[in-house]
There are 2 protein chains.
Amino acid sequence: MNIGEVSEAAGLPAKTIRYYEEIGLIAPLRGGNGYRRFTEAHLHKLAFIARARSLGFSIEQCRTLLALYEDRGRASADVKAVAQTHLGEIDAKMAELTEMRRVLADLVHACAGDERPDCPILTGLAAPVTGD
Amino acid sequence: MNIGEVSEAAGLPAKTIRYYEEIGLIAPLRGGNGYRRFTEAHLHKLAFIARARSLGFSIEQCRTLLALYEDRGRASADVKAVAQTHLGEIDAKMAELTEMRRVLADLVHACAGDERPDCPILTGLAAPVTGD
DNA sequence: ATAAGGCCTCCAGTCACTGGAAGGTCAAGG
DNA sequence: CCTTGACCTTCCAGTGACTGGAGGCCTTAT
């Protein structure tokens with residue numbers, strides 16, 4: 001397969017696949033014309049990466065997961081550890097966003113949103129709201 | 001004030017303040033020795049930016065908010081629009097994270113996490129779980 | 001012969017910093 | 001007066017994970 005076909009099949013832009021090759025995530029063959037040639041195994045790997053990425057795993061985590069995937073002697077505990085680390089990262093981001101959302105929603109709620117200049121959002125940013 | 005003092009007061013690294021100057025967010029004065037000189041007004045602006053950034057506003061949104069903050073003839077509706085756009089971005093990210101978390105937590109839950117190689121996380125990444 | 005579309009490489013840009021090198025400035029102590 | 005150390009300066013490069021574009025080769029169809 002050429003890059004266009006795997007791109008379509010894996011749901012990844014061709015540019016991204018070239019980038020993955022550049023950073024050593026995949027190693028497609030080359031045809032006599034210089035075109036990358038992909039096998040089914042390459043496609044599987046790319047689809048694996050695409051799914052891992054869509055779950056938010058970093059490229060380095062994907063690299064680790066791929067290595068574990070291809071290591072028949074792996075311990076599932078090692079996989080689980082990577083996934084749990086990532087789950088923790090997701091939870092941390094969610095907590096951060098939740099807190100942002102809470103504060104921001106309060107400010108938005110307090111703002112009249114008309115043509116007058118008075119704006120609790122701006123005063124809230126100029127000085128944090130305290131309990132006083 | 002020198003940069004170290006405002007850095008301390010605004011809670012922003014000196015590097016970040018220099019960066020903000022480079023992109024035109026603030027324009028400190030210069031002393032004869034070439035050092036940046038900051039006034040109270042500069043400090044206020046930096047604190048404003050720091051709070052907006054901590055709520056997740058992008059630099060460009062901060063630039064807009066600062067301009068509105070300094071425009072006495074602003075309409076609060078304009079401020080509210082920026083904040084609501086950002087609220088929407090936060091909600092979109094939260095939805096994305098929530099979905100990631102849901103799928104990932106299922107996979108983690110299904111994984112024994114012992115020294116055996118069988119791992120639902122890896123099989124789930126190799127082929128998405130379908131309802132079949 | 002040519003036109004369209006796919007493929008190639010290389011370079012630059014994104015966002016918001018962050019790290020580090022090389023060097024100038026300032027206040028205090030010896 | 002000299003040194004030490006803290007503070008400041010600029011400039012360059014790197015982060016993560018791509019993305020866009022220029023310029024050019026390859027293939028297939030008309």
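So you know, we letter chains A, B, ... as the sequences are listed, proteins then strands, and number each from 1. These numbers were taken from a predicted model, which means no experiment stands behind them.
- Applying the side chain to side chain donor-acceptor pair (under 3.5 Å) test to residues at least two apart or on different chains, the pairs with a partner in residues 39-57 of chain A are A:Thr39-A:His42.
- For residues 71-96 of chain A, the set of pairs meeting the ring-ring contact (aromatic ring centres under 6.0 Å, His included) definition, not counting sequence neighbours, comprises A:Phe57-A:His86.
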Under 3.5 Å between N/O atoms: give me all the protein pairs with nucleotides 2-5 of chain C, atom names plus distance.
none

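- Contacts of A:Tyr20 classified as ring-ring contact (aromatic ring centres under 6.0 Å, His included), with partners at least two apart in sequence or in another chain: none.
- Looking at residues two or more places apart in sequence or on another chain, you find a salt bridge (charged side-chain N to carboxylate O under 4.0 Å, His left out) between B:Glu99 and B:Arg102.
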Distances under 3.5 Å between nitrogen or oxygen atoms of protein and nucleotides 19-23 of chain C:
{"from": "C:dG19", "atom 1": "N7", "to": "B:Lys15", "atom 2": "NZ", "distance (Å)": "2.9"}
{"from": "C:dG19", "atom 1": "O6", "to": "B:Lys15", "atom 2": "NZ", "distance (Å)": "2.7"}
{"from": "C:dG20", "atom 1": "O6", "to": "B:Lys15", "atom 2": "NZ", "distance (Å)": "2.2"}

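- In the helix from C:dA1-D:dT30 to C:dG30-D:dC1, the end axes, each obtained as the rotation axis mapping the C1' atoms of four pairs onto the next four within a five-pair block, lie 30° apart to the nearest 10 degrees.
- Running 5' to 3' along DNA chain D, contacts with non-hydrogen atoms of chain B at under 4.0 Å begin and end at D:dC7 to D:dC11.
- With sequence neighbours left out, the salt bridge (charged side-chain N to carboxylate O under 4.0 Å, His left out) criterion links A:Arg74 to no other residue.
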Could you give the side-chain donor-acceptor pairs of residues 4-15 of chain A under 3.5 Å, partners two or more places apart or in another chain?
{"from": "A:Ser7", "atom 1": "OG", "to": "A:Leu12", "atom 2": "O", "distance (Å)": "2.6"}

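- Using modelled atom types, no side-chain atom of B:Ser76 and backbone atom of A:Cys111 make a donor-acceptor pair closer than 3.5 Å.
- Counting only residues at least two apart or in different chains, ring-ring contact (aromatic ring centres under 6.0 Å, His included) contacts with residues 93-123 of chain B are absent.
- Note on residues 62-73 of chain A: pairs passing side chain to side chain donor-acceptor pair (under 3.5 Å), not counting sequence neighbours, are A:Glu60-A:Arg63.
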